[in-house]
Amino acid sequence: MNPLKIYNSLSREKEIFAPINPPYAGMYVCGPTVSGETHLGHSRPYVTFDIVYRFLQYSGYKVRYVRNITDAGHFEEEDKDAVDKVAVKAKLEQLEPMELVQKYTNIYHDMMDKLNVIRPSIEPTATGHIVEQISMIEDIIAKGFAYVVNGSVYFDVTRYAKQHDYGRLSGRKIEEMIAGSRELEGQGEKRNPADFALWKNAPPEHLMRWKSPWGEGFPGWHIECSAMSSKYLGIPFDIHGGGMDLLFPHHESEIAQTKIATGLALANYWMHNNMITIKGQKMSKSLGNTITIAQMFSGGHPLLEQGYSPMTLRFFILQTHYRSTLDFSNEALLAAEKGLQRLMNALDALNKLSYKENAAQYKEEENNQVLQLMNSCTEYMNDDFNTAMAMASLFELSSKIFSWKNEQLAIASIKKETFELLVKTFNAFVTDIFGLKNEKENDDSKMNGLMELLISLRKEARSKKDFATSDKIRDDLFAAGIQLKDGKEGTSWEGV
RNA sequence: GGUCAGAUGGCCGAGUGGCUAGGCAAAGCUCUGCAAAAGCUUCUACAGCGGUUCGAAUCCGCUUCUGACCUCCA
């Protein structure tokens with residue numbers, strides 16, 4: 001068995017994962033800014049790191065997973081109009097920033113639950129850690145790497161770059177950045193365009209504000225992650241994750257701040273998931289191709305021909321390696337829907353199979369092949385979480401399972417221990433590691449009773465060759481959204 | 001403009017210097033009263049042009065095209 005290897009964005013290589021304090025592992029993932037509705041783009045990192053979290057646990061690590069909620073600071077800018085518009089209204093009519101934040105946090109949680117993303121060990125909010133952020137900023141000022149201008153505090157990137165390796169993570173050089181930087185509003189306060197805000201002075205109309213040594217204001221975007229990760233994981237910690245678009249400037253800034261505040265490197269392994277694209281382009285509001293996760297499930301978007309279930313989306317994400325872009329199209333989603341169904345059918349079939357001893361039917365080669373396929377699932381996951389390859393092995397095992405079910409292949413061609421291990425491993429991979437669940441299960445006992453009656457009536461009609469009646473039952477049920485499935489062991493049903 | 005990724009069969013997508021990933025679609029078959037569902041089988045691709053090599057889709061160079069980041073972003 002090979003050790004777990006993780007592609008580290010810092011070194012641009014796969015490295016053997018060696019946590020600082022085994023069997024404990026600390027992981028921090030940049031969470032969403034809750035100023036808008038959870039969209040398709042959000043599904044990628046949270047499913048990706050959900051898999052990392054699950055697989056680390058499966059591998060025996062005790063993981064503390066911290067994933068923040070950004071509910072303070074820069075986000076108000078996007079809703080500036082709304083804030084300004086309501087400023088003169090009565091208190092209750094005003095859009096409370098916390099109300100907005102709560103609304104979108106609720107939606108985010110709801111969508112993550114639907115996607116079967118396990119909630120993190122700690123989910124800290126930026127507004128809940130103002131004290132920690134102020135304290136870290138004071139520390140950075142004291143060390144001479146930040147300066148105060150008109151109630152705002154900026155990190156001195158130029159000074160930092162003279163002594164430290166700035167731009168290593170994102171692979172850029174500070175001189176080029178300064179040369180190529182654009183003139184942006186508010187840059188007048190900065191000594192250098194490359195500097196970034198640690199704390200921002202709040203204009204009078206800004207509703208979200210806190211007292212600080214520099215006046216009333218709100219924290220800069222990057223500082224929260226440094227403050228919260230160091231508080232809950234210690235510095236350095238093992239894994240820091242997030243979307244590739246956060247490499248610069250967000251993660252680069254986190255590294256710089258933390259280095260000055262603590263004297264240490266923030267995290268040992270940096271993991272970045274790639275983007276979700278639609279017809280080859282990243283989703284963005286300006287292109288008008290943003291699809292919310294709710295729309296994805298309901299099909300309520302012009303680009304979608306139909307709704308796709310949460311597990312279809314999850315499966316679709318897992319079929320691609322997390323460092324590749326993932327392009328959305330109806331055909332691809334439809335293919336994922338079918339593929340997921342096949343995998344779930346295999347799981348179901350396996351769990352219903354029982355082993356029948358027959359030493360004469362044993363085939364060494366068959367047994368080894370099954371063992372090898374099972375083993376490869378773990379090996380592929382150990383190779384930088386290659387879910388696509390592990391999934392392929394599960395599909396190969398699925399073919400075996402169906403062959404046993406159809407008795408095209410004797411179950412006794414493999415050893416009893418192999419079969420038992422397969423049941424355990426297959427379930428673990430599909431359910432525990434990939435986090436997939438059967439969405440078509442029906443555990444409504446009243447409904448089941450009713451269906452049993454209809455199925456037995458149809459069976460009776462068929463035995464009397466009264467096909468008019470049996471077909472009416474079948475076709476009318478189908479029209480009502482229920483599909484009957486005739487199999488060797490009788491008839492089953494599922495909602496379509 | 002700078003930096004960095006990619007270009008794989010009808011579609012989506014892994015991957016490795018020699019050993020046909022996998023999924024979907026399609027065709028044939030099995031099952032069935034007929035269907036549906038399900039399963040089985042078949043379908044040998046790696047942008048173009050050079051080079052390295054016994055051998056390259058895989059390494060190197062060039063060309064073309066696409067995307068991402070450089071500003072809020074997952």
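Numbered from 1 within each chain, the chains take letters A, B, ... in sequence-line order. Remember, predicted model here, so these are calculated numbers, not experimental data.
There is no side-chain donor-acceptor pair under 3.5 Å between A:Gln372 and A:Ser376. Judged by distance alone, the side chains of A:Lys356 and A:Gln361 never bring a donor and an acceptor atom under 3.5 Å apart. When only modelled atom types and interatomic distance are considered, A:Asn289 and A:Gln281 share no side-chain donor-acceptor pair under 3.5 Å. A donor and an acceptor atom, one from each side chain of A:Asn330 and A:Tyr308, are located under 3.5 Å apart. Judged by distance alone, the side chains of A:Asn192 and A:Thr158 do bring a donor and an acceptor atom under 3.5 Å apart.
Nearest heavy atoms, A:Asn68 versus A:Val29: OD1-O, 3.4 Å. Between A:Ser121 and A:Tyr53, the shortest heavy-atom contact is OG-OH, 3.8 Å.
Atom CD of A:Gln306 has more than 12 heavy atoms from other residues, nucleotides or ligands within 6.0 Å.
If A:Ile276 and A:Arg12 are placed on RNA chain B by their nearest nucleotide, the residue sitting closer to the 5' end is A:Arg12. Nearest-nucleotide assignment on RNA chain B puts the 5′-proximal partner with A:Leu484, out of A:Leu484 and A:His42.
Atoms NZ (A:Lys282) and C1' (B:rC69) sit 8 Å apart, rounded to a whole Å. Here B:rC69 presents its P atom at 13 Å from CG of A:Asn273, a figure rounded to the nearest Å. The distance between atom CG of A:Leu313 and atom C1' of B:rA74, rounded to the nearest whole Å, is 13 Å. Following rounding to the nearest Å, A:Ile317 (CD1) and B:rC12 (P) show an atom-to-atom distance of 18 Å.
Residue contacts for A:His39: at a heavy-atom cut-off of 4.0 Å it reaches a base atom on one of the strands shown. Within 4.0 Å of A:Gly487, counting heavy atoms only, lies no atom of the nucleic acid at all.
Of the possible polar contacts, one joining the A:Asp50 side chain to the A:Ile118 backbone as a donor-acceptor pair under 3.5 Å is found.
Of the C1' atoms belonging to B:rG15 and B:rU42, the separation is 23 Å, rounded to the nearest Å.
Atom NE2 of A:His39 is separated from atom CE of A:Met111 by 13.0 Å, given to the nearest 0.5 angstrom.
The stretch residues 370-386 of chain A comes close to RNA chain B through A:Asn386, each having a heavy atom under 4.0 Å from the strand.
Comparing B:rA74, B:rC12, B:rA37 by their closest approach to the side chain of A:Phe316 singles out B:rC12. You'll find that the side chain of A:Asp245 is closest to B:rA74, out of B:rA74, B:rA36, B:rG39.
Remark: B:rA26 base-pairs with B:rU42. Criterion, Watson-Crick or G-U wobble with two distances under 3.5 Å.
OP1 or OP2 of B:rA14 has at least one side-chain nitrogen or oxygen of A:Ser324 nearer than 4.0 Å.
The base of B:rG33 sits with one of its N or O atoms less than 3.5 Å from a complementary donor or acceptor on the side chain of A:Asp471. In terms of polar N and O atoms assigned as donor or acceptor, the side chain of A:Arg474 never comes within less than 3.5 Å of the base of B:rA36 in a complementary pairing.
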Do any N or O atoms of the protein come closer than 3.5 Å to N or O atoms of nucleotides 22-32 of chain B, and which pairs are they?
{"unit_1": "B:rA25", "atom_1": "OP1", "unit_2": "A:Lys338", "atom_2": "NZ", "d": "2.8"}

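Look at A:Phe402 and the base of B:rA38; the rings do not stack under the cut-offs of 5.5 Å between centres and 30° between planes.
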